[in-house]
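Below: the structure, in structure tokens.
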2 protein chains.
Amino acid sequence: MINVLFAAREERWPTYEATLKAAFRDKGLSVDLRRDFAPGDVDYIVYAPNGDVQDFTPYTRCKAVLNIWAGVEAIVGNATLTMPLTRMVDHGLTQSMTEWVVGHTLRHHLGMDRQILNQDGTWDPVIPPLAGDRRVTVLGVGKLGMACGRALAQLGFPVTGWSRTQKQDDLVHCLSGEAGLRQALATADILVLLLPKTPDTENVINAETLALMPKGAIIINPGRGPLIDDGALLAALDTGQIAHATLDVFRVEPLPGDHPFWSHPKVTVTPHIAAETRPKTASEVIAENVRRGEAGEPLLYLVDPETGY
Amino acid sequence: MINVLFAAREERWPTYEATLKAAFRDKGLSVDLRRDFAPGDVDYIVYAPNGDVQDFTPYTRCKAVLNIWAGVEAIVGNATLTMPLTRMVDHGLTQSMTEWVVGHTLRHHLGMDRQILNQDGTWDPVIPPLAGDRRVTVLGVGKLGMACGRALAQLGFPVTGWSRTQKQDDLVHCLSGEAGLRQALATADILVLLLPKTPDTENVINAETLALMPKGAIIINPGRGPLIDDGALLAALDTGQIAHATLDVFRVEPLPGDHPFWSHPKVTVTPHIAAETRPKTASEVIAENVRRGEAGEPLLYLVDPETGY
């Protein structure tokens with residue numbers, strides 16, 4: 001019997017209990033899945049960074065911590081975490097992110113807000129350019145970013161992808177490094193932020209990098225709030241350097257009601273809905289990693305403590 | 001020398017003159033392109049239904065009328081039109097329509113208006129289903145409809161396409177006939193109208209067909225205004241049978257300022273911007289048809305007067 005502790009928040013238990021049990025069963029694993037064990041009896045921890053476990057020291061037998069979130073920045077620096085940590089790469093989450101990014105890119109490309117916000121009887125046709133004439137840059141072309149970039153390229157957008165390490169793709173023009181970043185920003189009519197949050201990526205969008213973008217560019221951030229220096233973004237919106245920002249993630253969530261993003265006419269706040277882990281597909285990933293752990297095979301989506309993702 | 005009369009509206013001449021001449025040159029054709037000829041000297045007419053020529057009788061030598069619009073309903077019934085008529089199938093137009101249809105489908109699928117219209121500081125996450133759980137039906141799977149259907153299917157939507165004659169496609173589930181239409185409507189969480197306007201398709205969306213759709217369905221009409229019985233649609237919006245309609249085309253355009261569509265909270269009017277013929281790509285199609293006409297080859301996109309498209 002394999003003891004698996006469910007250490008995400010209590011309100012997630014009803015959502016995950018049945019799908020996790022089914023996923024373990026489908027892999028032929030004999031698992032005791034519970035919300036409480038003596039720490040020394042736990043083989044694996046199903047984890048979310050906003051759950052209760054912050055000290056991993058008592059979990060002496062634990063073989064791996066399996067995160068159900070894509071983001072791991074709130075746990076990766078935990079000094080008591082001496083066992084392997086995996087992050088979630090969920091098909092449902094990738095799909096959901098792709099739909100949201102493609103949808104909001106097309107919204108800005110087509111200028112939809114003009115009609116959604118102005119149904120006043122004025123017939124005022126403005127024909128947008130074709131997608132082929134609107135350059136999109138995706139900062140961060142890991143699993144999520146590359147899926148979004150490829151979907152946008154398939155619709156006709158010229159897409160540039162930037163990442164710390166050089167990637168290769170047949171649809172997305174890949175850049176890396178400092179010079180690559182400047183080039184990726186200089187051609188970003190629409191910029192999509194999908195970098196992980198690490199010390200290197202915090203405030204990557206600041207006064208200096210905003211000034212490198214084409215005047216009137218659009219920013220879409222479904223990645224992580226701290227990627228953006230909020231004050232620098234507000235200033236760039238006020239000068240018109242940036243025409244609009246659609247933001248799904250924030251330094252503090254829920255975004256406080258008095259934050260200037262809410263009332264700024266050039267900002268759309270969405271309430272962290274771009275990508276949501278889907279219990280069914282996520283449970284399959286967790287179960288596969290428990291199977292691999294038991295078989296001594298390499299775990300999927302293992303986090304590198306050095307890079308932080 | 002081949003005499004080609006430009007008979008679209010005068011204001012289109014500056015847009016088309018250079019691109020048409022370049023396209024003829026690229027095909028190796030010696031063409032005299034002008035806005036005035038003695039009618040008996042004209043070999044081909046480049047046409048738009050809102051132009052001046054309505055009586056084709058004096059054009060005794062004319063080998064074909066080459067429409068620069070996709071829609072031909074305003075000319076196909078003209079009794080003086082005894083020469084072949086072609087409609088425009090323009091790559092730019094197909095691309096533009098695909099971007100608009102995919103964009104507005106995702107807008108409704110993701111529930112974007114909720115955020116675009118309500119930036120009041122309320123953090124209210126509503127997670128939409130994945131595209132795989134949102135069924136889209138495209139009525140009319142000709143060149144435009146099929147391109148839209150395939151792009152939506154590539155993003156993960158289950159797409160059904162209906163047309164008068166049965167089509168086949170590897171991504172779009174194709175239906176035809178009366179029973180097929182009922183089935184296509186019954187599974188249309190989002191319905192896209194891209195039928196041509198013919199006597200058979202006028203008011204295809206009426207009280208009876210609206211009642212066949214799932215409660216709370218969305219209608220997107222970038223096709224032709226008369227496909228919809230306006231009064232029946234307004235009634236279905238008021239009962240909630242239809243949750244929202246985004247309409248780009250109307251029986252009268254520009255849509256009069258006092259039309260109830262403008263003020264209805266569940267209707268988005270867009271000013272006929274979904275698909276616009278692009279002069280460069282359209283000129284290439286016109287030139288290719290003049291080349292074919294001169295070489296005695298079959299014309300592209302020939303209109304069948306029986307079916308009306």
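Owing to the predicted nature of the structure, the values given are computational and were not obtained by experimental measurement. Numbers restart at 1 for each chain; the letters A, B, ... are given by sequence-line order, proteins then strands.
With a 4.5 Å cut-off on side-chain heavy atoms, Q115(A) and T246(B) do not count as touching.
Shown here is K143(B), whose NZ atom has no more than 12 heavy atoms of other residues, nucleotides or ligands within 6.0 Å. No more than 12 heavy-atom neighbours from other residues, nucleotides or ligands sit within 6.0 angstrom of NZ on K280(B). Residue K266(B) places its NZ atom among more than 12 non-hydrogen atoms of other residues, nucleotides or ligands, all under 6.0 Å distant. Heavy atoms of other residues, nucleotides or ligands lying less than 6.0 angstrom from CD of E11(A) number more than 12.
Between chain B and the residues H104(A), R114(A), H272(A), the most heavy-atom pairs under 4.5 angstrom are made by H104(A). For the set G257(A), P129(A), A274(A), P125(A), the entry with the most heavy-atom pairs within less than 4.5 Å of chain B is P125(A). For the set V269(A), L130(A), D113(A), V126(A), the count of heavy-atom pairs under 4.5 angstrom toward chain B peaks at L130(A). Chain B forms the most heavy-atom pairs under 4.5 Å with one residue out of T105(A), T122(A), T98(A), D120(A), and that residue is T122(A).
Using a 4.5 Å cut-off between heavy atoms, D258(B) does not touch chain A at all. For V267(A), the part lying under 4.5 angstrom from a heavy atom of chain B is the backbone only. Heavy atoms of V102(B) lying under 4.5 Å from chain A belong to its backbone as well as its side chain. Residue contact with chain B, scored on non-hydrogen atoms closer than 4.5 Å, involves the side chain of E276(A) exclusively. When heavy atoms are compared at a cutoff of 4.5 Å, F250(B) approaches chain A solely by way of its side chain, counted from C-beta outward. With a threshold of 4.5 angstrom between heavy atoms, H109(A) approaches chain B through side-chain atoms but not through N, CA, C or O.
A distance-only check finds no donor-acceptor pair linking the side chain of Q119(B) to the backbone of P265(A) [under 3.5 Å]. Looking only at distances, a side-chain donor or acceptor of E99(B) sits under 3.5 Å from a matching main-chain atom of A131(A).
Separation of atoms CD1 (I127(A)) and CZ (R278(B)) is listed at 6.5 Å; rounding is to 0.5 Å. Atoms CZ and CG, on R107(A) and L110(B) in that order, are 11.0 Å from each other to the nearest 0.5 Å.
Between P254(B) and W123(A), the shortest heavy-atom contact is CB-CG, 3.3 Å.
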